[in-house]
Number of protein chains: 2
Amino acid sequence: MSETVTKLPGAAKRGRPRLDELTASDIESIPALETIIGYRLRRAQLYVFQDFIENFTRMKLRPAEFSVLSVMARRPGLKQTEIAEELGIKRANFVALMDGLETRGLAERRKADTDKRSHSLHLTPEGVKFVRKMMAVWTAHEERLVEKLGGPEERDRLIELLDRIVAPD
Amino acid sequence: MSETVTKLPGAAKRGRPRLDELTASDIESIPALETIIGYRLRRAQLYVFQDFIENFTRMKLRPAEFSVLSVMARRPGLKQTEIAEELGIKRANFVALMDGLETRGLAERRKADTDKRSHSLHLTPEGVKFVRKMMAVWTAHEERLVEKLGGPEERDRLIELLDRIVAPD
DNA sequence: AATTAATTGTTCTGTATCATAACAATCTAT
DNA sequence: ATAGATTGTTATGATACAGAACAATTAATT
């Protein structure tokens with residue numbers, strides 16, 4: 001591919017090293033993105049989320065909402081800050097998310113009278129039914145992933161490795 | 001934690017199943033987030049990016065910019081669409097990113113005269129020097145991760161598993 | 001050769017995500 | 001009683017990401 005900018009003289013084959021061109025050993029030292037942990041993690045995460053989103057467009061459910069409903073189902077009564085922090089969501093951003101779930105009749109805030117500031121969060125009866133359907137959809141999605149990975153043992157290996165990354169030093 | 005909303009009668013201990021409350025077996029069927037591939041992937045990816053970002057704030061370099069410089073270093077002369085597509089960046093969004101690199105004097109667009117529409121992308125001499133520093137910083141960051149994982153073999157195992165996820169069916 | 005279709009880079013726009021600051025109400029500690 | 005911390009909330013800004021449309025150019029079709 002010829003270009004309008006003429007090539008510089010080029011790295012001397014045996015002269016003093018040039019600092020403004022990449023030497024062969026420079027280029028070798030530059031890792032292909034395929035070997036970079038963060039890059040690969042991101043691509044894989046994007047892929048999984050993409051699949052998740054496609055599977056859940058019909059239910060109009062986003063990953064963050066899934067995780068919140070999921071926590072409310074297993075541990076009803078937690079307050080907003082607790083769920084938000086556990087999921088890594090800023091409590092400011094949690095408000096709109098919870099508003100949405102409440103508007104759709106899936107979840108509700110109950111005033112805890114031991115602390116008039118806080119709300120304890122619960123599924124509504126409708127939310128319970130919704131979560132059942134949600135889990136059915138999720139199971140299919142997850143099973144596809146496990147199959148791609150090569151089985152539950154491989155899934156466990158993956159999660160164990162991800163654990164090590166996130167674990168405190 | 002007492003609450004203003006009085007408890008519903010509760011699931012019959014031995015009566016007909018209620019559809020609007022979660023049974024014990026329902027709750028069992030709800031996976032803890034810790035076992036969900038997508039959730040764990042996301043948390044790990046966030047952790048790694050966080051570490052990356054902290055390490056690169058001084059250089060004012062974001063992950064996407066890193067990846068673009070990295071590709072330009074290894075394979076100079078590619079055109080915008082090629083790099084963007086390879087990195088999963090929409091070509092529309094690539095423009096501003098490349099503008100930034102060009103403004104900082106790290107990279108340049110050269111008109112390829114075989115196709116007057118396209119630009120071939122290259123590092124500038126300054127960009128070359130920048131990439132060397134960038135790679136030094138990156139190496140430290142990556143080595144920390146590899147150490148957390150338990151060594152290069154574990155890193156390779158992780159990447160292999162991530163491969164399987166992204167691989168076409 | 002003339003017309004049509006496709007590609008490249010670009011701008012514009014909209015939406016989702018994420019973080020930060022400030023605030024009133026309430027609770028806790030001194 | 002006062003000062004300080006917490007809870008939920010609003011408002012706001014930055015960033016990431018996706019889609020539509022467009023001019024210039026190239027490729028394909030007739």
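Every chain is numbered from 1 and lettered A, B, ... according to where its sequence line falls, protein lines coming before strand lines.
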Nucleotide nearest Val95(B) (side chain, heavy atoms from C-beta), chosen from dT7(D), dT9(D), dG9(C):
dG9(C)
Would you say the rings of Phe52(A) and Phe66(A) are close, in the sense that their centroids are separated by under 6.0 Å?
yes
Spacing of Met98(A) atom CE relative to dG8(D) atom C1', expressed in whole Å:
12 Å
Please state how far atom CD in Glu85(B) lies from atom P in dA18(D), giving the value in whole angstrom units.
13 Å
In Å and rounded to the nearest 0.5 Å, what is the CG to CG distance from Leu87(A) to Asn93(A)?
12.5 Å
Please report the distance, rounded to the nearest Å, between NZ in Lys111(B) and C1' in dT26(D).
16 Å
Check this for me, if you would: do Glu160(A) and Arg157(A) make a salt bridge, where the nitrogen-to-carboxylate-oxygen distance has to be below 4.0 angstrom?
no
For atom CD of Glu85(B), decide whether the heavy atoms of other residues, nucleotides or ligands shown that lie under 6.0 angstrom number more than 12.
no
Please determine whether a side-chain nitrogen or oxygen atom of Lys79(B) lies at a distance below 4.0 Å from atom OP1 or OP2 of dG9(C).
no
Thr81(A) side chain N/O closer than 4.0 Å to the phosphate oxygens (OP1, OP2) of dT6(D)?
no
To the nearest Å, give me how far apart CG (Leu97(B)) and P (dT10(C)) are.
12 Å
Taken to the nearest whole Å, NZ/Lys60(B) to C1'/dT15(D) is 16 Å
Can you tell me the distance, in whole Å, between the CG atom of Leu121(A) and the C1' atom of dG8(D)?
11 Å
Figure out the CZ/P separation between Phe94(B) and dT11(C), and round it to whole Å.
14 Å
Can you give one letter per nucleotide of nucleotides 17-30 of chain C, 5' to 3': B if a protein heavy atom sits under 4.0 Å from the base, S if only from the sugar-phosphate, - if neither?
SBBBB---BBS---
When you check the phosphate oxygens OP1 and OP2 of dT6(D), does a side-chain N or O of Gln80(A) lie under 4.0 Å from one of them?
no
Heavy atoms, side chains only, cut-off 4.5 Å: are His141(B) and Trp138(B) in contact?
yes
Ignoring hydrogens and angles, state whether a donor on the side chain of Tyr47(A) or Arg43(A) is under 3.5 Å from an acceptor on the partner side chain.
no
Using side-chain heavy atoms (C-beta onward) and a distance below 4.5 Å, is Met135(B) in contact with Pro31(A)?
yes
For Glu108(A) and dG8(D), give me the distance from atom CD to atom P, rounded to whole Å.
15 Å
